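The block underneath contains the structure these notes are about, expressed in C-alpha coordinates.
Lettering of chains follows the sequences in order, A, B, ..., and the numbering in each one begins at 1. Only a predicted model underlies this, so the values are computations on that prediction, with no experimental measurement involved.
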Amino acid sequence: MPELPEVETVKEALNEKIKGLKIKSFELYYEPMIKGISPQLFKEKIQNQTVQSLSRRGKYLIFHLDDYYLLSHLRMEGKYFYEGPDSELAPHVHAIFNFFNNDQLWYQDVRKFGTFHLYEKTVNLEEMPPFQVLGVEPFSEQFTDSYVKERLQNKRKPIKSLLLDQTMVCGLGNIYVDEVLFRAKVHPLTQSFKLTEQEIKDVVKYTVEVLDCAIKLKGTTIRTFSSQHGVSGTFQNELRVHQRKDETCYECKTVIEKIKVGGRGTYYCKLCQPQK
DNA sequence: AGCACTGTTTACAT
DNA sequence: TATGTAAACAGTGC
(Lines give C-alpha, C1' and ligand atoms only; values in the text may rest on other atoms or scores of the structure.)
Protein backbone atom coordinates (compact mmCIF):
# COMPACT_ATOMS: atom_id res chain seq x y z
CA MET A 1 0.00 0.00 0.00
CA PRO A 2 2.83 2.34 -0.33
CA GLU A 3 2.32 5.61 -2.12
CA LEU A 4 2.12 8.82 -0.14
CA PRO A 5 -1.61 8.70 0.71
CA GLU A 6 -1.38 5.12 1.96
CA VAL A 7 1.67 5.87 4.09
CA GLU A 8 -0.07 8.96 5.45
CA THR A 9 -3.05 6.79 6.34
CA VAL A 10 -0.86 4.22 8.09
CA LYS A 11 0.85 7.04 9.97
CA GLU A 12 -2.46 8.34 11.23
CA ALA A 13 -3.61 4.87 12.26
CA LEU A 14 -0.39 4.07 14.09
CA ASN A 15 -0.40 7.40 15.86
CA GLU A 16 -3.74 6.36 17.32
CA LYS A 17 -2.54 2.91 18.29
CA ILE A 18 1.04 3.02 19.50
CA LYS A 19 1.88 6.55 20.52
CA GLY A 20 3.26 6.42 24.06
CA LEU A 21 3.87 2.68 24.06
CA LYS A 22 7.24 1.41 25.25
CA ILE A 23 9.04 -1.34 23.34
CA LYS A 24 9.76 -4.40 25.48
CA SER A 25 11.43 -6.41 22.73
CA PHE A 26 11.80 -6.69 18.99
CA GLU A 27 11.62 -9.96 17.06
CA LEU A 28 13.09 -10.16 13.58
CA TYR A 29 12.59 -13.03 11.14
CA TYR A 30 14.12 -11.53 8.00
CA GLU A 31 17.40 -9.83 8.76
CA PRO A 32 18.13 -8.22 5.36
CA MET A 33 15.36 -5.70 5.91
CA ILE A 34 17.54 -3.88 8.47
CA LYS A 35 19.78 -1.43 6.62
CA GLY A 36 22.95 0.33 7.75
CA ILE A 37 23.30 -1.40 11.12
CA SER A 38 23.51 -4.97 12.37
CA PRO A 39 20.17 -6.58 13.24
CA GLN A 40 21.49 -7.34 16.73
CA LEU A 41 22.38 -3.71 17.38
CA PHE A 42 19.04 -2.61 15.96
CA LYS A 43 17.22 -4.82 18.47
CA GLU A 44 19.31 -3.61 21.38
CA LYS A 45 18.91 0.03 20.55
CA ILE A 46 15.13 0.09 20.21
CA GLN A 47 14.53 -1.99 23.31
CA ASN A 48 13.04 0.14 26.11
CA GLN A 49 12.44 3.03 23.74
CA THR A 50 9.03 4.71 23.82
CA VAL A 51 7.18 5.67 20.64
CA GLN A 52 6.74 9.41 20.94
CA SER A 53 4.96 9.89 17.63
CA LEU A 54 4.98 9.02 13.94
CA SER A 55 5.51 11.21 10.92
CA ARG A 56 5.98 10.77 7.19
CA ARG A 57 8.51 11.87 4.59
CA GLY A 58 7.68 10.88 1.01
CA LYS A 59 6.72 7.23 1.22
CA TYR A 60 8.72 6.70 4.41
CA LEU A 61 7.14 6.25 7.81
CA ILE A 62 9.19 7.73 10.68
CA PHE A 63 8.83 6.39 14.21
CA HIS A 64 10.07 9.02 16.64
CA LEU A 65 11.54 7.08 19.56
CA ASP A 66 13.17 8.59 22.66
CA ASP A 67 16.66 8.57 21.17
CA TYR A 68 16.21 7.37 17.60
CA TYR A 69 14.39 7.84 14.36
CA LEU A 70 13.20 4.52 12.97
CA LEU A 71 12.51 4.80 9.23
CA SER A 72 10.20 2.25 7.65
CA HIS A 73 9.56 1.85 3.95
CA LEU A 74 6.72 -0.46 2.90
CA ARG A 75 7.87 -0.84 -0.72
CA MET A 76 5.37 -2.98 -2.63
CA GLU A 77 3.48 -4.89 0.02
CA GLY A 78 4.53 -3.89 3.52
CA LYS A 79 1.74 -3.65 6.10
CA TYR A 80 1.38 -3.08 9.83
CA PHE A 81 -1.02 -4.89 12.12
CA TYR A 82 -1.67 -3.89 15.70
CA GLU A 83 -2.53 -7.02 17.65
CA GLY A 84 -3.36 -8.14 21.14
CA PRO A 85 -1.12 -10.55 23.08
CA ASP A 86 -2.81 -13.78 21.98
CA SER A 87 -3.11 -13.29 18.24
CA GLU A 88 -2.10 -16.18 16.06
CA LEU A 89 0.82 -15.11 13.91
CA ALA A 90 -0.13 -14.38 10.31
CA PRO A 91 2.00 -15.53 7.37
CA HIS A 92 4.81 -13.28 6.11
CA VAL A 93 5.26 -11.37 9.35
CA HIS A 94 8.97 -10.54 9.44
CA ALA A 95 9.18 -8.28 12.44
CA ILE A 96 7.28 -7.88 15.71
CA PHE A 97 7.43 -5.01 18.15
CA ASN A 98 6.38 -6.25 21.59
CA PHE A 99 5.19 -3.49 23.88
CA PHE A 100 5.10 -3.39 27.67
CA ASN A 101 1.30 -3.29 27.57
CA ASN A 102 1.55 -6.78 26.00
CA ASP A 103 0.13 -5.67 22.65
CA GLN A 104 2.26 -6.08 19.56
CA LEU A 105 2.86 -4.47 16.21
CA TRP A 106 3.50 -6.77 13.26
CA TYR A 107 5.31 -5.85 10.11
CA GLN A 108 4.09 -8.10 7.31
CA ASP A 109 5.57 -8.08 3.83
CA VAL A 110 4.93 -10.86 1.33
CA ARG A 111 7.69 -9.79 -1.01
CA LYS A 112 10.24 -8.85 1.66
CA PHE A 113 11.20 -5.61 -0.07
CA GLY A 114 10.47 -3.31 2.86
CA THR A 115 13.31 -1.71 4.83
CA PHE A 116 14.12 -0.33 8.29
CA HIS A 117 16.76 2.32 8.98
CA LEU A 118 17.69 3.52 12.47
CA TYR A 119 19.38 6.83 13.26
CA GLU A 120 20.35 8.67 16.41
CA LYS A 121 18.13 11.67 16.88
CA THR A 122 21.22 13.88 16.88
CA VAL A 123 21.65 13.48 13.10
CA ASN A 124 20.06 15.64 10.45
CA LEU A 125 17.78 13.11 8.78
CA GLU A 126 17.71 15.03 5.51
CA GLU A 127 21.41 14.31 5.06
CA MET A 128 21.12 10.59 5.72
CA PRO A 129 20.35 7.80 3.31
CA PRO A 130 17.77 7.32 2.06
CA PHE A 131 16.56 10.89 2.63
CA GLN A 132 19.55 12.66 1.17
CA VAL A 133 18.24 12.15 -2.38
CA LEU A 134 14.55 12.77 -1.67
CA GLY A 135 12.89 15.67 -3.43
CA VAL A 136 10.43 18.16 -1.98
CA GLU A 137 7.17 17.19 -0.31
CA PRO A 138 4.18 17.71 -2.62
CA PHE A 139 2.34 19.68 0.11
CA SER A 140 5.28 21.92 0.93
CA GLU A 141 5.58 25.48 -0.28
CA GLN A 142 8.73 24.45 -2.12
CA PHE A 143 6.69 22.46 -4.63
CA THR A 144 5.93 25.26 -7.06
CA ASP A 145 5.54 25.67 -10.81
CA SER A 146 8.89 27.41 -11.09
CA TYR A 147 10.68 24.73 -9.08
CA VAL A 148 9.30 22.02 -11.36
CA LYS A 149 10.03 24.06 -14.46
CA GLU A 150 13.64 24.40 -13.41
CA ARG A 151 13.97 20.70 -12.62
CA LEU A 152 12.45 19.71 -15.99
CA GLN A 153 15.03 21.65 -17.97
CA ASN A 154 17.14 19.34 -20.17
CA LYS A 155 15.57 16.21 -18.67
CA ARG A 156 15.16 13.84 -21.57
CA LYS A 157 13.20 11.16 -19.85
CA PRO A 158 9.44 10.71 -20.08
CA ILE A 159 7.46 12.86 -17.64
CA LYS A 160 6.00 9.73 -16.08
CA SER A 161 9.47 8.39 -15.24
CA LEU A 162 10.49 11.74 -13.82
CA LEU A 163 7.45 11.91 -11.55
CA LEU A 164 8.06 8.36 -10.35
CA ASP A 165 11.66 9.24 -9.55
CA GLN A 166 11.52 10.53 -5.96
CA THR A 167 14.30 13.10 -6.35
CA MET A 168 12.25 16.01 -7.73
CA VAL A 169 9.03 15.55 -5.78
CA CYS A 170 8.47 12.58 -3.49
CA GLY A 171 5.39 10.51 -2.76
CA LEU A 172 3.98 9.72 -6.17
CA GLY A 173 3.88 6.09 -7.30
CA ASN A 174 2.55 4.23 -10.27
CA ILE A 175 -1.15 4.70 -9.56
CA TYR A 176 -1.16 8.38 -8.73
CA VAL A 177 1.21 9.37 -11.54
CA ASP A 178 -1.19 7.91 -14.10
CA GLU A 179 -4.07 9.76 -12.46
CA VAL A 180 -2.19 13.06 -12.27
CA LEU A 181 -1.14 12.90 -15.93
CA PHE A 182 -4.68 12.09 -17.03
CA ARG A 183 -6.08 15.08 -15.18
CA ALA A 184 -3.31 17.33 -16.52
CA LYS A 185 -3.98 15.98 -20.03
CA VAL A 186 -0.33 15.10 -20.55
CA HIS A 187 0.81 11.98 -22.39
CA PRO A 188 2.99 9.86 -20.08
CA LEU A 189 5.75 9.52 -22.70
CA THR A 190 6.12 13.28 -23.20
CA GLN A 191 9.75 14.25 -22.86
CA SER A 192 10.00 16.20 -19.60
CA PHE A 193 11.69 19.26 -21.06
CA LYS A 194 8.91 19.60 -23.64
CA LEU A 195 6.14 20.34 -21.15
CA THR A 196 4.54 23.73 -21.67
CA GLU A 197 4.13 26.22 -18.84
CA GLN A 198 0.45 25.37 -18.65
CA GLU A 199 1.17 21.64 -18.52
CA ILE A 200 3.69 22.14 -15.73
CA LYS A 201 1.16 24.20 -13.85
CA ASP A 202 -1.45 21.48 -14.24
CA VAL A 203 0.91 18.69 -13.25
CA VAL A 204 1.74 20.56 -10.04
CA LYS A 205 -1.90 21.41 -9.38
CA TYR A 206 -3.18 17.89 -9.92
CA THR A 207 -0.34 16.26 -8.01
CA VAL A 208 -1.47 18.16 -4.93
CA GLU A 209 -5.16 17.70 -5.69
CA VAL A 210 -5.00 13.96 -6.39
CA LEU A 211 -2.82 13.19 -3.36
CA ASP A 212 -4.97 15.36 -1.12
CA CYS A 213 -8.15 13.67 -2.30
CA ALA A 214 -6.57 10.22 -1.89
CA ILE A 215 -5.53 11.04 1.68
CA LYS A 216 -9.05 12.15 2.49
CA LEU A 217 -10.27 8.81 1.13
CA LYS A 218 -7.57 6.94 3.08
CA GLY A 219 -5.73 5.71 0.02
CA THR A 220 -6.39 3.25 -2.77
CA THR A 221 -7.19 -0.40 -2.21
CA ILE A 222 -6.55 -2.63 -5.20
CA ARG A 223 -5.53 -6.29 -5.29
CA THR A 224 -8.04 -6.81 -2.57
CA PHE A 225 -6.33 -9.63 -0.73
CA SER A 226 -4.05 -7.03 0.77
CA SER A 227 -6.64 -5.07 2.65
CA GLN A 228 -7.88 -7.51 5.23
CA HIS A 229 -6.77 -5.80 8.42
CA GLY A 230 -4.74 -2.97 7.11
CA VAL A 231 -5.83 0.10 5.34
CA SER A 232 -8.88 -0.01 3.16
CA GLY A 233 -9.19 3.25 1.35
CA THR A 234 -11.65 4.14 -1.35
CA PHE A 235 -9.68 6.20 -3.85
CA GLN A 236 -9.97 3.25 -6.26
CA ASN A 237 -13.44 4.63 -6.98
CA GLU A 238 -11.82 7.83 -8.24
CA LEU A 239 -9.42 6.19 -10.68
CA ARG A 240 -9.92 7.57 -14.18
CA VAL A 241 -7.33 5.54 -16.07
CA HIS A 242 -5.26 3.31 -13.79
CA GLN A 243 -6.19 -0.35 -14.19
CA ARG A 244 -8.92 0.59 -16.68
CA LYS A 245 -7.40 -0.94 -19.81
CA ASP A 246 -10.06 -1.64 -22.46
CA GLU A 247 -12.66 0.32 -20.49
CA THR A 248 -13.88 3.65 -21.85
CA CYS A 249 -12.70 7.09 -20.80
CA TYR A 250 -15.21 8.89 -18.56
CA GLU A 251 -14.51 12.12 -20.45
CA CYS A 252 -14.56 11.06 -24.11
CA LYS A 253 -15.49 7.36 -24.29
CA THR A 254 -12.19 6.46 -25.94
CA VAL A 255 -10.84 3.04 -24.91
CA ILE A 256 -8.11 3.35 -22.25
CA GLU A 257 -4.74 2.05 -23.41
CA LYS A 258 -2.01 0.32 -21.49
CA ILE A 259 1.64 0.76 -22.45
CA LYS A 260 5.02 0.40 -20.74
CA VAL A 261 6.92 3.46 -19.60
CA GLY A 262 10.24 2.88 -17.90
CA GLY A 263 9.21 -0.71 -17.32
CA ARG A 264 6.02 0.25 -15.48
CA GLY A 265 2.50 -0.50 -16.64
CA THR A 266 0.97 2.79 -17.72
CA TYR A 267 -2.64 3.62 -18.40
CA TYR A 268 -3.81 6.65 -20.35
CA CYS A 269 -6.43 7.99 -22.73
CA LYS A 270 -4.94 8.66 -26.14
CA LEU A 271 -7.56 11.27 -26.95
CA CYS A 272 -7.46 13.22 -23.65
CA GLN A 273 -3.67 12.88 -23.42
CA PRO A 274 -2.46 13.26 -27.00
CA GLN A 275 1.15 12.62 -27.89
CA LYS A 276 2.73 15.67 -29.42
C1' DA B 1 2.96 -25.01 -17.12
C1' DG B 2 5.38 -21.21 -17.70
C1' DC B 3 5.87 -16.58 -18.14
C1' DA B 4 4.70 -11.85 -17.48
C1' DC B 5 2.90 -8.99 -14.33
C1' DT B 6 2.71 -6.43 -9.64
C1' DG B 7 1.16 0.10 -5.06
C1' DT B 8 9.32 0.37 -5.04
C1' DT B 9 14.02 1.52 -4.85
C1' DT B 10 18.92 0.56 -5.69
C1' DA B 11 23.01 -0.74 -7.84
C1' DC B 12 25.14 -1.33 -11.91
C1' DA B 13 25.41 -1.01 -17.08
C1' DT B 14 25.89 1.79 -21.04
C1' DT C 1 26.49 12.66 -15.78
C1' DA C 2 22.21 10.97 -17.19
C1' DT C 3 19.25 7.50 -18.41
C1' DG C 4 18.02 2.58 -18.81
C1' DT C 5 17.80 -2.11 -16.97
C1' DA C 6 18.06 -5.88 -13.67
C1' DA C 7 17.61 -7.43 -9.18
C1' DA C 8 15.79 -8.02 -4.45
C1' DC C 9 11.03 -11.57 -3.52
C1' DA C 10 6.55 -14.04 -3.64
C1' DG C 11 2.11 -14.49 -5.46
C1' DT C 12 -1.48 -13.93 -9.13
C1' DG C 13 -3.38 -14.19 -13.67
C1' DC C 14 -3.23 -15.18 -18.48
Side-chain angles (χ1 to χ4, degrees), chain A residues 1-11 29-36 56-61 71-80 90-95 107-117 128-135 151-181 188-194 210-211 214-215 217-228 230-239 241-246 258-267:
Chain A
M1 10 166 197
E3 301 182 43
L4 186 151
E6 291 73 27
V7 178
E8 181 71 21
T9 303
V10 172
K11 182 203 83 179
Y29 300 104
Y30 184 68
E31 297 198 339
M33 70 175 299
I34 309 290
K35 302 298 179 186
R56 179 195 58 72
R57 173 84 169 95
K59 301 174 190 172
Y60 289 85
L61 200 55
L71 277 43
S72 167
H73 197 299
L74 277 32
R75 295 287 180 107
M76 302 288 269
E77 310 242 11
K79 292 165 196 70
Y80 281 101
H92 309 297
V93 172
H94 307 307
Y107 177 75
Q108 183 200 51
D109 189 344
V110 169
R111 291 177 71 183
K112 299 181 176 173
F113 287 170
T115 59
F116 285 157
H117 288 78
M128 312 302 291
F131 283 6
Q132 91 281 19
V133 295
L134 271 193
R151 295 290 297 247
L152 291 187
Q153 305 286 342
N154 59 47
K155 283 282 191 292
R156 307 201 74 80
K157 58 169 144 184
I159 184 61
K160 163 143 184 181
S161 301
L162 194 121
L163 291 173
L164 279 179
D165 184 336
Q166 303 293 295
T167 61
M168 178 177 78
V169 58
C170 61
L172 289 169
N174 206 34
I175 294 179
Y176 296 115
V177 167
D178 282 357
E179 295 300 311
V180 167
L181 290 176
L189 281 172
T190 309
Q191 287 296 308
S192 299
F193 72 95
K194 286 190 178 170
V210 164
L211 291 176
I215 289 171
L217 297 179
K218 300 192 180 302
T220 301
T221 307
I222 56 179
R223 315 164 81 126
T224 47
F225 67 88
S226 70
S227 64
Q228 296 173 5
V231 183
S232 59
T234 54
F235 191 81
Q236 62 273 18
N237 301 325
E238 308 298 318
L239 298 177
V241 286
H242 193 83
Q243 289 226 327
R244 297 197 63 242
K245 175 174 149 66
D246 295 336
K258 183 182 183 186
I259 57 173
K260 279 244 192 247
V261 180
R264 309 297 303 276
T266 298
Y267 302 83

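- Residue A/P32 is classed as having no contact, given no heavy-atom separation below 4.0 Å to the nucleic acid.
- Close to C/dC9, at under 4.0 Å from its OP1 or OP2, lies no side-chain N or O of A/H94.
- The shortest distance between the side-chain N/O atoms of A/Q166 and the OP1/OP2 oxygens of B/dT9 is below 4.0 Å.
- Listed pair A/H73 / B/dT9 meets the phosphate criterion, a side-chain N or O lying under 4.0 Å from OP1 or OP2.
- Residue contacts for A/D109: at a heavy-atom cut-off of 4.0 Å it reaches no nucleic acid atom on any strand shown.
- Judged by distance alone, the side chain of A/R56 and the main-chain N or O of A/G58 form a donor-acceptor pair under 3.5 Å.
- At the heavy-atom level, A/K258 lies under 4.0 Å from the strands shown only through sugar-phosphate atoms.
- Using a 4.0 Å heavy-atom distance criterion, A/G265 is classed as a sugar-phosphate-only contact.
- Remark: C/dC9 base-pairs with no nucleotide; criterion is Watson-Crick or G-U wobble with both hydrogen-bond distances under 3.5 Å.
- Between C/dC14 and A/K245, no contact under 4.0 Å exists linking OP1 or OP2 to a side-chain N or O.
- In this structure, A/R264 reaches the B/dT8 phosphate: one of its side-chain N or O atoms is under 4.0 Å from OP1 or OP2.
- Distances shown here put a side-chain N or O of A/K59 below 4.0 Å from the OP1 or OP2 atom of B/dT8.
- Side-chain atoms of A/E3 lie closest to B/dG7 of the nucleotides B/dT9, C/dA10, B/dG7.
- The side chain of A/H92 contributes no N or O atom lying less than 4.0 Å from OP1 or OP2 of C/dC9.
- Nucleic acid contact class of A/Y30 (heavy atoms, under 4.0 Å, all strands): sugar-phosphate only.
- At the phosphate of C/dT1, neither OP1 nor OP2 sits under 4.0 Å from any side-chain N or O atom of A/K157.
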